[in-house]
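The structure under discussion appears below in the form of structure tokens.
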Amino acid sequence: MMKWARFLLPLVLLFGFAGCFDIDEEIDVKTNGSGEWKMNIDMSQLVDIMQTYMGKEELEKQLPQRKMDTTLHMKDLIDTVSGIPADKKALLREGQVHVQLNMDEKIFKTNTEFPFKNVSDLEKLRNVAGSNSFGAGKLLKGFGGDKSGGDSSQGPDLSMFGSIYEFRITDGQISSKLNKPKWDSLQNNPQFAQIKAAGGSGIDVPYSMTIRLPRPVKKADNPIIKLSEDKKTVTIKYNLMDTFQQPEKFEYSISY
């Protein structure tokens with residue numbers, strides 16, 4: 001069932017940062033520190049590109065299942081993925097990914113949900129999802145049933161284009177700061193260089209983060225942060241491509 005995922009990964013890498021993504025991230029923190037982290041990605045525009053890029057015959061060969069509306073439970077899949085430590089698998093185990101694909105109606109969306117028991121787990125969970133150890137290529141390879149244990153570096157790994165920021169959260173403080181070593185290492189990656197060049201050409205990849213807190217925000221240090229009337233909901237919106245040009249501009253710190 002997940003053959004399509006391994007096939008789509010190179011196309012997402014090629015086209016995903018060329019205006020095909022619409023990303024909405026949500027964090028809900030309850031009074032006791034537990035909550036839920038969601039990542040919703042709309043890649044519907046990618047369907048048009050695939051149909052043009054592949055041609056009908058090849059597309060039907062690679063994606064015979066033109067319509068899909070299914071929920072993948074991480075607990076059923078995570079153990080098939082090699083190279084992820086047990087403690088990180090435990091963080092991911094209760095999550096799920098809802099995949100909606102309809103080639104005829106040109107719909108392609110994923111909705112990912114991960115519960116967390118406390119803000120410390122949220123911090124670990126969010127950073128794991130953007131780390132090389134969790135790489136998207138490795139994860140999708142495992143989902144596809146490839147247990148060969150081969151070198152995942154031979155294929156594209158979207159984790160290299162994951163968060164270039166370190167997310168930190170405690171009871172009362174949230175921050176997102178540039179991971180300078182990771183940023184510096186990306187400068188020599190040719191695929192990253194292509195994406196960075198695309199960002200300078202005016203391409204827009206909308207990104208939105210909504211954080212719902214149990215208490216009002218006391219202080220926020222970046223004007224991109226917008227607060228609700230009761231100051232318990234934080235909204236941050238920007239063009240993801242801009243982070244590849246001026247990454248420091250999107251750092252922030254929030255006290256609540």
Side-chain angles (χ1 to χ4, degrees), residues 12-29 35-46 108-114 119 122-123 125-131 136 158-169 173-187 189 191-213 216-256:
V12 170
L13 182 62
L14 286 171
F15 301 118
F17 286 88
C20 296
F21 274 86
D22 194 335
I23 305 171
D24 292 301
E25 184 174 358
E26 298 179 25
I27 295 175
D28 289 288
V29 182
E36 191 170 46
W37 173 46
K38 300 179 182 179
M39 179 74 79
N40 305 316
I41 304 178
D42 188 342
M43 295 176 284
S44 298
Q45 295 181 59
L46 188 61
F108 184 21
K109 298 179 180 180
T110 62
N111 304 102
T112 307
E113 300 179 6
F114 288 98
V119 292
L122 166 62
E123 179 180 305
L125 177 63
R126 197 173 182 275
N127 289 326
V128 164
S131 71
L158 292 186
S159 67
M160 71 177 68
F161 306 114
S163 176
I164 58 173
Y165 299 95
E166 287 191 351
F167 179 81
R168 297 286 180 257
I169 181 169
Q173 189 73 29
I174 303 172
S175 67
S176 180
K177 301 298 180 182
L178 180 67
N179 184 326
K180 194 65 165 55
K182 183 174 183 179
W183 173 254
D184 290 342
S185 69
L186 284 176
Q187 305 312 303
N189 187 298
Q191 292 172 321
F192 181 76
Q194 293 174 9
I195 288 178
K196 189 174 181 181
S201 64
I203 291 174
D204 186 39
V205 179
Y207 169 81
S208 173
M209 171 183 269
T210 302
I211 307 174
R212 299 178 183 89
L213 299 168
V217 170
K218 298 177 181 178
K219 182 180 179 181
D221 69 352
N222 193 318
I224 64 173
I225 295 172
K226 306 300 180 185
L227 302 177
S228 62
E229 187 174 348
D230 63 4
K231 296 187 178 182
K232 291 184 179 181
T233 301
V234 174
T235 303
I236 301 171
K237 295 182 179 182
Y238 52 83
N239 177 9
L240 189 64
M241 301 302 287
D242 289 343
T243 65
F244 302 135
Q245 307 300 320
Q246 295 179 287
E248 296 87 354
K249 182 179 178 181
F250 301 95
E251 295 180 309
Y252 61 83
S253 181
I254 299 169
S255 299
Y256 68 97

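Remember, it's a predicted structure, so these values are computed and weren't measured experimentally. In what follows, every heavy atom counts, from backbone to side chain, and hydrogens, waters and symmetry copies are set aside.
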What is the distance from atom CG of N111 to atom CG of N40, rounded to the nearest 0.5 Å? 4.5 Å
Report the distance from atom CZ of F167 to atom CH2 of W37, rounding to the nearest 0.5 Å. 9.5 Å
E123 and I169 have their tightest heavy-atom pair at OE1-N, 3.0 Å
Any side-chain donor-acceptor pair under 3.5 Å between T210 and E26? no
Got a second to check how far E251's CD is from K177's NZ, nearest 0.5 Å? 5.0 Å
Keeping N222 on the side-chain end and K249 on the backbone end, is there a donor-acceptor pair under 3.5 Å? yes
Examine distances only and state if a side-chain atom of N239 and a backbone atom of V205 form a donor-acceptor pair shorter than 3.5 Å. yes
If you measure from OG1 on T235 to NZ on K226, what distance do you get to the nearest 0.5 Å? 10.0 Å
Is there side-chain contact between P247 and W183, with heavy atoms separated by less than 4.5 Å? yes
With I174, which of V119, V234, I27, L213 fulfils side chain to side chain contact (heavy atoms under 4.5 Å, CB included)? L213
Do I225 and I254 have side chains that approach each other closer than 4.5 Å (heavy atoms only, starting at C-beta)? yes
From S208 OG over to E25 CD, what is the distance, rounded to the nearest 0.5 angstrom? 9.0 Å
Side-chain heavy atoms of N127 within contact of R168, under 4.5 Å: yes
Sorted by chain and number, sequence neighbours left out, side-chain hydrogen bond (donor to acceptor under 3.5 Å, both in side chains) with T233 holds for none
Nearest heavy-atom neighbours spanning S176 and Y165: OG-CB, 3.3 Å
Qualifying residues under side-chain hydrogen bond (donor to acceptor under 3.5 Å, both in side chains), relative to D221, sequence neighbours excluded: none
SB check E229 K231 (cutoff 4.0 Å): no
Are the side chains of I164 and L178 in touch, meaning some heavy atoms are under 4.5 Å apart? yes
One pair to check against side-chain contact (heavy atoms from CB on, under 4.5 Å): T110 and M43. What are the steps and the verdict? CA-CA 8 Å; T110 62; M43 295 176 284; 4.0 Å; yes
Are any non-hydrogen side-chain atoms of S44 and K109 less than 4.5 angstrom apart? yes
Do M209 and Y252 have side chains that get closer than 4.5 Å, going by heavy atoms? yes
In this structure, CZ of F114 is separated from CE of M39 (nearest 0.5 Å) by 10.0 Å
Do F250 and D242 have side chains that approach each other closer than 4.5 Å (heavy atoms only, starting at C-beta)? yes
